[in-house]
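Below, each value reflects all heavy atoms present in this structure, side chains not excepted, and no hydrogens, waters or symmetry copies. Each chain gets a letter, A, B and so on, in the order its sequence line appears, and its residues count up from 1.
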2 protein chains.
Amino acid sequence: MSLSTAEKIIRVAEAQVRSGGYNAFSFREISKEIGIKSASIHYHFPTKADLGLALANRYTDRFTVYLNQIACDSEDLSTRLHQYIELFRHAIQHDKKMCLCGMLASEADVLPFPVQQAVKVFFEANLQWLELFVFADEPDPHAQAMLVLSCLEGALLVSKAMNDATAFDLAVNQLMFSFRKS
Amino acid sequence: MSLSTAEKIIRVAEAQVRSGGYNAFSFREISKEIGIKSASIHYHFPTKADLGLALANRYTDRFTVYLNQIACDSEDLSTRLHQYIELFRHAIQHDKKMCLCGMLASEADVLPFPVQQAVKVFFEANLQWLELFVFADEPDPHAQAMLVLSCLEGALLVSKAMNDATAFDLAVNQLMFSFRKS
DNA sequence: GTTCCACTACCTATCGGTAGGTAGGTAAAT
DNA sequence: ATTTACCTACCTACCGATAGGTAGTGGAAC
């Protein structure tokens with residue numbers, strides 16, 4: 001499969017942002033990696049903010065597709081939650097990286113406003129999905145969703161800090177355990 | 001009170017890192033803010049990595065002092081946990097910023113190695129304290145500690161994403177609620 | 001008189017971004 | 001069928017700004 005240049009740019013940029021954040025990715029580094037000149041990237045994405053926005057939007061879009069799949073595939077609320085968790089586990093175990101929007105969220109203060117908004121959309125989409133498709137039948141779905149999302153993003157962060165992906169499982173399994181008892 | 005220049009540098013640098021991460025703070029910005037030349041900062045901290053390391057170490061030291069105080073002041077495990085949570089709530093509600101080491105953890109891949117290690121020490125210190133002084137009497141203190149730390153760091157991150165400090169309380173209160181039922 | 005601390009002046013490397021050009025393809029007008 | 005015109009997707013060369021970092025100076029304090 002041969003990817004379009006724009007797609008290559010986005011993939012390399014996403015990897016760089018997920019490793020070091022918005023200020024750690026550069027047109028020059030991307031251009032080196034895919035074998036074009038940095039000026040050529042401006043043809044596809046006029047400014048860095050444009051590329052950052054495209055990154056966040058694409059990430060949310062792909063994530064949303066998975067969320068819809070999960071909701072369609074399984075009726076069982078507990079199964080849905082486990083599959084949801086798998087999405088995050090994949091980030092730390094397969095990519096060994098943070099969630100893109102988790103990474104960007106931590107730097108929200110220094111992000112171009114459109115990127116900030118796009119990151120917020122990702123989190124709103126996640127919360128809404130959890131409320132509707134996992135915690136709808138329980139008391140305070142909003143708080144439950146917030147707890148799960150916080151725990152997952154935080155578990156990724158702690159795993160990065162410890163350089164140990166098993167930290168993610170430890171935290172998340174404990175959360176699941178606390179749900180089982182209630 | 002008149003602070004030493006080194007102390008001023010550290011304070012301004014910490015604020016900048018907690019807003020935008022390691023790559024978003026610069027000697028020039030710091031120097032402008034405290035009214036000296038950027039070259040003068042190199043006298044106190046020879047390299048950026050040195051300053052970053054000093055930042056992380058001081059943050060951990062100050063945090064550790066609070067942890068010891070909490071352990072001494074209160075015998076009740078639940079009270080200790082609530083006071084521990086207050087440390088994190090202070091970050092998002094008073095400073096409106098991430099935890100310094102939470103911020104750095106997310107960028108671990110692109111950090112100078114000594115800074116990486118210092119960040120890891122912060123997390124290890126937190127986990128150990130939680131295990132010893134909060135969850136010692138419960139089954140699997142390690143997993144419990146990991147859950148609490150993940151949830152707190154994640155709740156800060158989600159609050160930054162949503163630009164809404166109440167998200168932190170929502171997630172954390174829900175976590176406390178799930179503990180009460182067990 | 002040495003140590004401390006900040007200065008001036010400068011360096012190299014890199015940043016995001018711009019200007020102008022060009023090879024190759026497409027498509028409509030002549 | 002050929003010319004004219006425009007488009008895509010890159011290129012080279014360069015801009016001003018900023019990054020971290022260095023060498024050497026000089027005054028004040030001990």
Distance-only check: which donor-acceptor pairs under 3.5 Å involve side-chain atoms of residues 43-55 of chain B, not counting sequence neighbours?
residue: B:Thr47; atom: OG1; partner: B:Ala49; partner atom: N; Å: 3.4
residue: B:Thr47; atom: OG1; partner: B:Asp50; partner atom: N; Å: 3.1
residue: B:Thr47; atom: OG1; partner: B:Asp50; partner atom: OD2; Å: 3.0
residue: B:Lys48; atom: NZ; partner: B:Tyr22; partner atom: O; Å: 3.1
residue: B:Lys48; atom: NZ; partner: B:Phe25; partner atom: O; Å: 3.0
residue: B:Asp50; atom: OD2; partner: B:Thr47; partner atom: N; Å: 3.1

| Which whole-number value in Å describes the distance from B:Phe45 CZ to D:dT22 C1'? | 19 Å
| message | Which label fits A:Phe122 and A:Tyr59: parallel for a plane angle under 30°, tilted from 30 to 60°, or perpendicular past 60°? | response | tilted
| said: Can you identify which nucleotide, out of C:dA9, D:dC14, D:dG21, has its nearest atom closest to the B:His42 side chain? | reply: D:dG21
| field | Gap between atoms NE2 and C1', on B:His44 and D:dG20 respectively (whole Å) | value | 17 Å
| From A:Lys97, A:Lys96, A:Arg18, A:Lys160, residue fulfilling salt bridge (Lys or Arg N to Asp or Glu O under 4.0 Å) relative to B:Asp109 | A:Lys160
| task | Please determine, by modelled atom types, if B:Gln144 and B:Glu138 share a side-chain donor-acceptor pair under 3.5 angstrom. | result | yes
| task | For DNA chain C, determine which residues of residues 104-111 of chain A have any heavy atom closer than 4.0 angstrom to one of its atoms, and list them numerically. | result | none
| field | Whole-Å gap separating P (C:dC15) and CD (A:Gln16) | value | 10 Å
| request: Using a heavy-atom cut-off of under 4.0 Å over every strand shown, decide if B:Lys48 touches base, sugar-phosphate, or nothing. | output: sugar-phosphate
| field | Nearest heavy-atom neighbours spanning A:Ala56 and A:Leu104 | value | CB-CD1, 4.4 Å
| said: Distance check needed: C:dT8 P versus B:Ile41 CD1, whole Å only. | reply: 14 Å
| request: Tell me what B:Ser40 touches on the nucleic acid: a base, only sugar-phosphate, or nothing, going by heavy atoms under 4.0 Å. | output: base
| said: I need the CD1-C1' distance between A:Ile36 and D:dT12, as an integer number of Å. | reply: 14 Å
| query | Which listed nucleotide (C:dG16, C:dT8, D:dA19) is nearest to the side chain of B:Arg28? | reply | D:dA19
| How are the rings of A:Tyr84 and A:Trp129 set to each other: parallel, tilted or perpendicular (split at 30° and 60°)? | parallel
| What does B:Phe25 touch in the nucleic acid at a heavy-atom separation under 4.0 angstrom: a base, only the sugar-phosphate, or nothing? | sugar-phosphate
| said: Does A:Tyr43 reach a base, just sugar-phosphate, or nothing at all? Heavy atoms under 4.0 Å. | reply: base
| Which part of the nucleic acid, if any, lies within reach of A:Ser38 when heavy atoms closer than 4.0 Å are counted: base, sugar-phosphate only, or nothing? | nothing
| Interatomic distance where NZ belongs to A:Lys37 and P belongs to C:dG16 [whole Å] | 16 Å
| said: Can you measure A:Ile30 atom CD1 to C:dG17 atom C1' for me and round it to whole angstrom units? | reply: 14 Å
| message | Tell me whether the count of non-hydrogen atoms from other residues, nucleotides or ligands lying under 6.0 Å of CG in A:Asn163 goes above 12. | response | no
| field | B:Ser26 side-chain N/O to D:dA19 phosphate OP1/OP2 under 4.0 Å | value | yes
| Contact nearer the 5' end of DNA chain C, comparing A:Lys32 with A:Ala39 | A:Lys32
| request: Starting at atom CD of B:Glu29, determine the distance to atom P of D:dA17, rounded to an integer number of angstrom. | output: 15 Å
